[in-house]
Amino acid sequence: MSKKPEEIKEEEVTEEVKETAEEAKEPTLEDELKDTKEQLLRTAAEYANYRARSAKEKEQTYSNAKGNVIAEILPVIDNLERALSGEGSDFDALKQGVQMTMDGLMAALEKLGIEQYGESGDTFDPNIHNAVMHIEDETLGENVVCDVFQKGYKIGDRVIRAAMVKTAN
């Protein structure tokens with residue numbers, strides 16, 4: 001329904017011009033500040049969600065790793081329980097059972113990537129050995145491990161426990 005030019009009032013024209021001017025005007029500093037604040041709040045919320053999700057994933061990974069380790073060790077525990085339940089066993093049978101259990105435990109550690117080290121005759125390395133005694137012996141070379149009190153264990157290059165040794169010269 002179009003109006004004739006004489007029917008259009010001056011107020012309607014002024015109102016239309018104001019609406020058009022408001023639509024065309026550039027955003028004010030307050031509008032930009034408001035948009036920036038909203039964007040910052042969204043970013044902060046996303047970051048908080050990311051941190052919570054990362055912490056949960058880290059805890060879940062740690063829990064899974066512990067479960068995997070225990071799953072590898074459980075057969076060793078079962079063997080020890082069987083060995084202890086055997087009544088009237090002779091010493092040789094018990095010793096054989098303990099040896100089999102030790103072999104199973106070492107196989108489980110190897111499967112987990114844990115390496116045992118520290119043998120007599122090895123060259124002493126202060127990064128992986130803990131020298132608790134020292135002797136002078138002309139029959140042995142310089143910085144040689146002559147006795148091992150505790151084996152050392154490592155995963156890759158990371159030492160879990162240093163080998164406790166006696167060194168010579």
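Bear in mind that the values here come from a model prediction, so they are computed numbers and not experimental data.
- Here the CE atom belonging to M106 is positioned 10.0 Å from the CD atom belonging to E115, to the nearest 0.5 angstrom.
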**Item:** side chain to side chain contact (heavy atoms under 4.5 Å, CB included) evaluation trace for V148 with M164
**Value:** CA-CA 6 Å; V148 178; M164 191 180 306; over 6 Å; no

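- With hydrogens and angles disregarded, no donor-acceptor distance shorter than 3.5 Å links the side chain of S63 to the backbone of E59.
- Heavy atoms of other residues, nucleotides or ligands lying less than 6.0 angstrom from CD of Q116 number more than 12.
- Here the CG atom belonging to L94 is positioned 12.0 Å from the CD atom belonging to Q99, to the nearest 0.5 angstrom.
- The side-chain hydrogen bond (donor to acceptor under 3.5 Å, both in side chains) with T167 is formed by just one residue from the set H129, E142, H134; it is H134.
- Across every non-hydrogen atom of V144 and G121, the tightest pair is CG1-CA, 3.9 Å.
- Applying the 6.0 Å contact sphere to CD of E32 captures more than 12 heavy atoms from other residues, nucleotides or ligands.
- Within 6.0 Å of the CD atom in E38, the count of heavy atoms belonging to other residues, nucleotides or ligands exceeds 12.
- Screening V159, I128, I114 for a side-chain contact (heavy atoms from CB on, under 4.5 Å) with Y153, the sole residue that qualifies is I114.
- The line from CG of N143 to CG of D125 is 10.0 Å long, rounded to the nearest 0.5 Å.
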**Check against side chain to side chain contact (heavy atoms under 4.5 Å, CB included), E46 and Y50** = CA-CA 6 Å; E46 287 174 8; Y50 166 76; over 6 Å; no

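- F124 has its side chain out of reach of N169: every pair of non-hydrogen atoms, C-beta onward, lies at least 4.5 Å apart.
- Counting only distance, with no hydrogens or angles, the side chain of R161 and the backbone of K151 share a donor-acceptor pair below 3.5 Å.
- Between Q60 and N64, the side chains place no donor N or O within less than 3.5 Å of an acceptor N or O (distance only, hydrogens not considered).
- The CG atom of D157 sits 10.5 Å away from atom CG of N127, with the distance rounded to the nearest 0.5 Å.
- Here the CG-SG distance, from D137 to C146, works out to 7.5 Å after rounding to the nearest 0.5 Å.
- Counted within 6.0 Å of CG on L40, heavy atoms from surrounding residues, nucleotides or ligands total more than 12; the atom is thus considered enclosed.
- I77 and V98 fall into different hydrophobic clusters, defined by Ile, Leu, Val, Met, Phe, Trp and Tyr side-chain heavy atoms under 4.5 Å apart, directly or through other members.
- Nearest heavy-atom pair, K154 versus G156, reported as atom, atom and distance to 0.1 Å: CD-O, 3.6 Å.
- Side chain of N130 to main chain of A163: no donor-acceptor pair is present (N/O by atom type, distance under 3.5 Å, no hydrogens or angles).
- M100 contributes atom CE, which lies 9.0 Å from atom CZ of R82 (distance to the nearest 0.5 angstrom).
- I155 places a side-chain heavy atom less than 4.5 Å from the side chain of I160.
- D31 CG: more than 12 foreign heavy atoms inside a 6.0 Å radius.
- With hydrogens and angles disregarded, no donor-acceptor distance shorter than 3.5 Å links the side chain of Y62 to the backbone of E57.
- Here the side chains of V132 and F149 are in contact, with some heavy-atom distance below 4.5 Å.
- In this structure, the side chains of V145 and E119 stay at 4.5 Å or more apart for every pair of heavy atoms.
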